[in-house]
Amino acid sequence: VERLYLPILYGSVRKNRRSFSVATFAQRLLEKRPDVETRLFDPRDLPFGNLVEREWEIEAPAPEVREFVREMGRADGFVVVTPEYNFGIPGALKNLLDHVYDEWNRKPFAMVTAGGTSGGLRAADQLRQVVSGVGAFVVPAHVSVQFIGEAFNEGGPTATPEVWEERFGRLFRELEWYARTLRPARLALAAASPA
Ligand SMILES: Cc1cc2nc3c(=O)[nH]c(=O)nc-3n(C[C@H](O)[C@H](O)[C@H](O)COP(=O)(O)O)c2cc1C
């Protein structure tokens with residue numbers, strides 16, 4: 001079985017951000033899955049501010065931008081871990097998504113959202129629209145973290161880790177199914193008609 005590459009895209013650059021522990025928890029679980037390679041992409045480590053030029057419009061992209069694009073290009077799907085800010089996704093995540101396009105195209109996205117009472121459900125709805133905008137789609141399963149301030153700390157879930165492992169497991173199984181199913185078709189199509 002060929003390994004799937006499923007990077008994690010993280011949404012917050014906020015000082016003392018709380019949802020980072022959700023992203024690292026997702027990373028730990030994903031790393032344990034057979035035939036899956038992953039890596040966490042943190043917008044703090046990327047020079048994507050408000051969009052000025054998309055990656056392919058930049059005359060000489062920075063090495064970390066080139067590397068980001070290469071990694072997104074070889075990905076078979078993505079896990080997005082993001083908090084909800086004012087009923088939507090953080091600007092940092094939107095900017096990251098806006099900087100490239102082809103690299104998202106026709107690939108499955110899995111969502112993990114965090115918030116207060118709503119568990120980031122409105123950020124999830126908004127992300128589904130944005131992902132459609134880049135010619136990709138979001139798988140139906142979804143992990144929602146309510147009351148993020150209490151539910152997770154640096155070590156992971158503050159209670160019932162097995163319940164969270166089961167939720168993330170279901171999400172990853174579904175993402176892997178779509179990623180594995182679509183991969184050969186996507187590669188064949190790319191070979192037949194580049195771009
Ligand atoms: C600017 C801002 C807006 C927020 N808006 C919402 C919201 O609309 N819905 C919600 O459930 N939580 C909201 N929250 C609470 C966040 O979900 C919570 O602070 C979370 O920890 C933010 O993620 P972060 O700490 O990883 O940046 C908001 C927080 C901030 C900073």
Side-chain angles (χ1 to χ4, degrees), residues 6-33 38-52 64-65 68 71-72 75 77-100 104 108-134 136-172 174-175:
L6 303 172
I8 298 168
L9 307 174
Y10 177 58
S12 172
V13 292
R14 207 168 65 90
K15 192 171 174 180
N16 301 325
R17 56 198 182 175
R18 195 66 196 237
S19 61
F20 193 66
S21 57
V22 179
T24 53
F25 180 71
Q27 183 183 24
R28 284 200 299 279
L29 295 182
L30 204 47
E31 278 169 352
K32 278 197 250 166
R33 297 186 67 81
T38 191
R39 181 172 158 190
L40 177 58
F41 287 88
D42 181 346
R44 268 195 193 168
D45 303 330
L46 291 159
F48 296 142
N50 285 324
L51 180 76
V52 176
E64 58 269 44
V65 171
F68 176 76
E71 292 293 285
M72 297 304 107
F78 308 95
V79 177
V80 180
V81 179
T82 186
E84 176 170 301
Y85 288 170
N86 296 323
F87 295 11
I89 60 173
L93 177 61
K94 180 65 164 59
N95 271 305
L96 183 148
L97 291 167
D98 289 341
H99 273 81
V100 294
W104 313 127
F109 282 66
M111 300 189 294
V112 178
T113 60
T117 347
S118 78
L121 293 181
R122 292 159 296 206
D125 284 343
Q126 200 189 53
L127 182 60
R128 205 174 281 113
Q129 291 187 16
V130 173
V131 167
S132 292
V134 294
F137 68 98
V138 174
V139 304
H142 168 209
V143 173
S144 162
V145 181
Q146 278 186 296
F147 306 113
I148 173 68
E150 289 135 48
F152 276 74
N153 63 25
E154 302 72 41
T158 53
T160 60
E162 66 287 352
V163 172
W164 288 104
E165 282 170 26
E166 162 56 23
R167 288 174 183 156
F168 278 84
R170 209 179 313 137
L171 181 73
F172 296 153
E174 189 170 82
L175 176 64

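Indexing begins at 1, ligand by ligand and atom by atom, following the structure's order.
- Between Phe152 and Phe168, the ring planes lie perpendicular to each other; the angle is over 60°, past the 30° to 60° tilted range.
- Contacts of Arg14 with ligand 1, taken as heavy-atom pairs under 4.0 Å, involve the side chain alone.
- Contact annotation: for Tyr10 versus ligand 1, heavy atoms closer than 4.0 Å belong to the side chain alone.
- Distance check: Leu175 CG to Leu6 CG gives 5.0 Å after rounding to the nearest 0.5 Å.
- Here the heavy atom of the protein found nearest to atom 16 (C) of ligand 1 is Glu84 O, 3.8 Å.
- Distance CZ/Arg167 to OG/Ser144: 8.5 Å, rounded to 0.5 Å.
- With sequence neighbours left out, the side-chain hydrogen bond (donor to acceptor under 3.5 Å, both in side chains) criterion links Asn50 to Asn95.
- Arg122 is linked by a side-chain hydrogen bond (donor to acceptor under 3.5 Å, both in side chains) to Glu84, Ser118, counting only residues two or more places apart in sequence or in another chain.
- Protein heavy atom nearest atom 30 (C) of ligand 1, with residue, atom name and distance: Tyr85 CD2, 3.7 Å.
- Residue nearest to atom 1 (C) of ligand 1, selected from Asn86, Leu121, Val13: Asn86 (by heavy-atom distance).
- The atoms of ligand 1 that sit less than 4.0 Å from any heavy atom of Ser118 are 11 (O).
- Heavy-atom proximity to Ser12, at under 4.0 Å, picks out these atoms of ligand 1: 24 (P), 26 (O), 27 (O).
- Counting heavy atoms closer than 4.0 Å to ligand 1, residue Ile148 contributes side-chain atoms (C-beta onward) but none from N, CA, C or O.
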